[in-house]
Amino acid sequence: MNLERFTQIIGAYGGNPARWPLTERQAALMLLKTSMTAHQLQQEAFALDTVLDTASVSLPTPLLTARILAKIQSRQADSWQWLTKWLWGTTITQHLWRPTLAVGLPLIFGLGFSLFVIQQQEQLIQYVTISEVTQDEFSELLDTQQQTLSEWSQWL
Amino acid sequence: MPNQEDASDNEMMHQIQQGNQRAFRQLVKQYLNPLYRFAHHLLGDQMTAEDIVQDTFIKVWYQAKQWQPGKAKLSTWLHTIVRHQCIDSYRKENHHTVSLEEVEDIAVAESADNIHQLELAEQITQALQQLPERQRTAVLLCYYQGFSNQEAAELLSISIEAVESLLTRGRKTLKRKLLPN
């Protein structure tokens, strides 16, 4: 810490040591004890500090906290309100078809999907049955051919 | 190195990320006044400062997951949000600082001493308003908000030397305006 660096610190942070950089505070305080110039610089800085310290800002209005808390709760309520409003609608016609659609659409989709699955199952069963029949016929044919071969081999 | 205050802030934000309203109330209680002071000093307008602080807390509630512990101090993050909103607000509107006449209209029953205090406070506000935005922010953070030079450097995304340079120039200008003799 030298006078040059002390001048820079005072120039940037003011005369109050509490605002000086922590890593240099102790060294600056030591210099302050031994240097009249440093002491004078600090006093000059205090003049501006005193003025700046009078810039007290009024506190926010007491209702600000309540407004903030109300806002986060109203937004959550707003999402439900929007959904309810959309489902119910605003006109008499909308009162009828919107809830019906909201309930009916998933129902129709569910039924359609079930029917599709059932159909697929039936087709699979048919395919398996046909495969079994074909396999049986093939086995019979194979047996017949084997018999013929045996007869031929006996003849030979 | 994280200290006790950081650990407490981390836990509070973790709770807020889980949707804990009590933790959010604690956050508002802890940071409302400092953030309001900061916004008010930046803009020189009470109503806009309150709106900005309100928007900041709402943003924090709905975007709490954006905050990552260890990346930045909670205080730095909050002040950054406020600063960005103030910059946006300042660019959108021509800020009208309260004139001396309006201040005196409001303070009808004030004594002469109080009026003098109000005038001085108004002069300081005006002098701060006339600083370039980065000098003003540096002065507000380090002088009024209790930020260390390192924290201010993080918020402004500059070096500590650059912060000191901003502070030095800011104080020189303020001295010229407020202590002309």
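In what follows, chains carry the letters A, B, and so on, assigned in the order in which the sequence lines appear, proteins first and then strands, with residues in each chain numbered from 1.
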Q) Please walk me through it: do B/Met47 and A/Thr61 pass side-chain contact (heavy atoms from CB on, under 4.5 Å)? A) CA-CA 9 Å; B/Met47 270 172 53; A/Thr61 53; over 6 Å; no

Q: With side-chain contact (heavy atoms from CB on, under 4.5 Å) as the test, would you mind laying out the steps for A/Ile68 and B/Phe24 before giving the verdict?
A: CA-CA 10 Å; A/Ile68 292 167; B/Phe24 181 73; 3.9 Å; yes

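Put simply, the side chain of A/Leu52 reaches to within 4.5 Å of the side chain of B/Tyr144, judged on heavy atoms. Side-chain contact between A/Pro60 and B/Leu32 is present, with at least one heavy-atom pair separated by less than 4.5 Å.
Cluster membership check: A/Leu32 does not share its hydrophobic cluster with A/Met36, using side-chain heavy-atom separations under 4.5 Å among Ile, Leu, Val, Met, Phe, Trp and Tyr. B/Val82 and B/Ile87 fall into different hydrophobic clusters, where Ile, Leu, Val, Met, Phe, Trp and Tyr residues are linked whenever their side-chain heavy atoms come under 4.5 Å apart, directly or through other members. With hydrophobic clusters built from ILVMFWY side chains whose heavy atoms lie under 4.5 angstrom apart, B/Leu140 shares a cluster with B/Leu120. Clustering ILVMFWY residues whenever any of their side-chain heavy atoms sit less than 4.5 angstrom apart, transitively, puts B/Phe38 in a cluster other than the one holding A/Leu59. Cluster membership for B/Tyr62 and B/Trp77, using ILVMFWY side-chain heavy atoms within less than 4.5 angstrom, is shared.
Within the structure, ring pair (Phe, Tyr, Trp, His ring centres under 6.0 Å) contacts touching residues 107-126 of chain A (residues at least two apart or in different chains) do not occur. Within the structure, the ring pair (Phe, Tyr, Trp, His ring centres under 6.0 Å) test picks out the following pairs touching residues 13-44 of chain A (sequence neighbours left out): A/Phe6-A/Trp20.
The pair A/Lys71-B/Asp55 does not meet the salt-bridge criterion, since no charged nitrogen lies less than 4.0 angstrom from a carboxylate oxygen. Using a 4.0 Å cut-off between charged nitrogen and carboxylate oxygen, B/Arg171 and A/Glu44 do not count as a salt-bridge pair.
Separation of atoms CG (A/Asn16) and OH (B/Tyr143) is listed at 7.0 Å; rounding is to 0.5 Å. In this structure, CG on A/Leu22 lies 10.5 Å from CD on B/Gln150, to the nearest 0.5 angstrom. Here B/Leu167 contributes atom CG and A/Gln8 contributes atom CD; the two are 12.5 Å apart, rounded to the nearest 0.5 Å.
Residue contact with chain A, scored on non-hydrogen atoms closer than 4.5 Å, involves the side chain of B/Ile124 exclusively. Heavy atoms of A/Asp49 lying under 4.5 Å from chain B belong to its backbone as well as its side chain. At a 4.5 Å heavy-atom cutoff, the contact between B/Gln46 and chain A is made by side-chain atoms alone. Heavy-atom distances place the side chain of B/Tyr36, and not its backbone, under 4.5 Å from chain A. Contact of A/Ala47 with chain B is made through backbone and side chain together, with heavy-atom distances under 4.5 Å. Contacts between B/Phe147 and chain A at a heavy-atom distance below 4.5 Å are absent for every atom of the residue. Only the side chain of B/Leu179 comes within contact range of chain A, judged by heavy atoms closer than 4.5 Å.
Of all heavy-atom pairs spanning A/Ile72 and B/Trp61, the tightest one is CG2-CD1, 3.6 Å.
Within a 6.0 Å radius of CD in A/Gln120, more than 12 heavy atoms belonging to other residues, nucleotides or ligands are found. The environment of CD in A/Glu4 is sparse: at most 12 heavy-atom neighbours from other residues, nucleotides or ligands sit within 6.0 Å.
Top candidate by heavy-atom pairs under 4.5 Å with chain A, chosen from B/Gln54, B/Glu50, B/His40, is B/Glu50. No other option in A/Ala45, A/Ala18, A/Ala12 has as many heavy-atom pairs under 4.5 Å with chain B as A/Ala12.
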